[in-house]
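Written out below as structure tokens is the structure these notes cover.
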Amino acid sequence: MYYYKVKKQGCQTLFGVIGKNIFIMRIDKFLKVSRILKRRTLAQEACDKGKVTVNGAPAKSGRQIKAGDVVEINYVSGSLKFKINEIKETVKKDEASSLYEIIT
């Protein structure tokens, strides 16, 4: 399997390519880019406190995700479960909701 690092911050990859058209990204960055959570620090805190799961397993903030993964965020008032449709490094505000599909 081919792995290409596109951008690095410290020692951790934020965005990369596996194979030809499969993109990966850290869960905390995706939550911020998709505007599910307002700031990346909030996403990191939620992950580190165990409030975020990816495909049923607890996810730390550095967890790599890809299209097709199912993410669940547990809030005090309930939870949000969604499937990742697409991964992009940056999107406009109007296009952010196209990155995921809410599962009920």
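Scope of the values below: all heavy atoms of this structure, side chains included, with no hydrogens, waters or symmetry mates.
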So which atom in [X] and which in [Y] form the shortest heavy-atom distance, rounded to 0.1 Å?
X	Y	result
K32	R40	CG-N, 3.8 Å
A46	L37	CB-CD1, 4.4 Å
I27	C47	CG2-SG, 3.8 Å

#### Entry: side chain to side chain contact (heavy atoms under 4.5 Å, CB included) evaluation trace for V33 with T90
CA-CA 6 Å; V33 169; T90 58; 5.7 Å; no

If you measure from [atom1] on [X] to [atom2] on [Y], what distance do you get to the nearest 0.5 Å?
X	Y	atom1	atom2	answer
I24	K66	CD1	NZ	9.5 Å
N55	R63	CG	CZ	6.0 Å
S61	E45	OG	CD	10.5 Å
K81	I103	NZ	CD1	6.0 Å

With a 4.5 Å cut-off on side-chain heavy atoms, are [Y] and [X] touching?
X	Y	result
E89	K29	yes
I87	I65	yes
K93	R35	yes
V91	L99	yes

### Task
Treating Ile, Leu, Val, Met, Phe, Trp and Tyr as nodes and any side-chain heavy-atom pair under 4.5 angstrom as an edge, say whether V71 and I102 lie in one connected cluster.
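Yes; tracing contacts between hydrophobic side chains, which count when under 4.5 Å, links both residues.
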
### Message
Restricting to side chain to side chain contact (heavy atoms under 4.5 Å, CB included), what partner residues turn up for K60, sequence neighbours left out?
### Response
D48

## Note on the structure
With V54 as partner, the option from I84, V70, D69 fulfilling side chain to side chain contact (heavy atoms under 4.5 Å, CB included) is D69

### Query
Does a salt bridge link K88 with E86, judged by any charged N lying under 4.0 Å from a carboxylate O?
yes

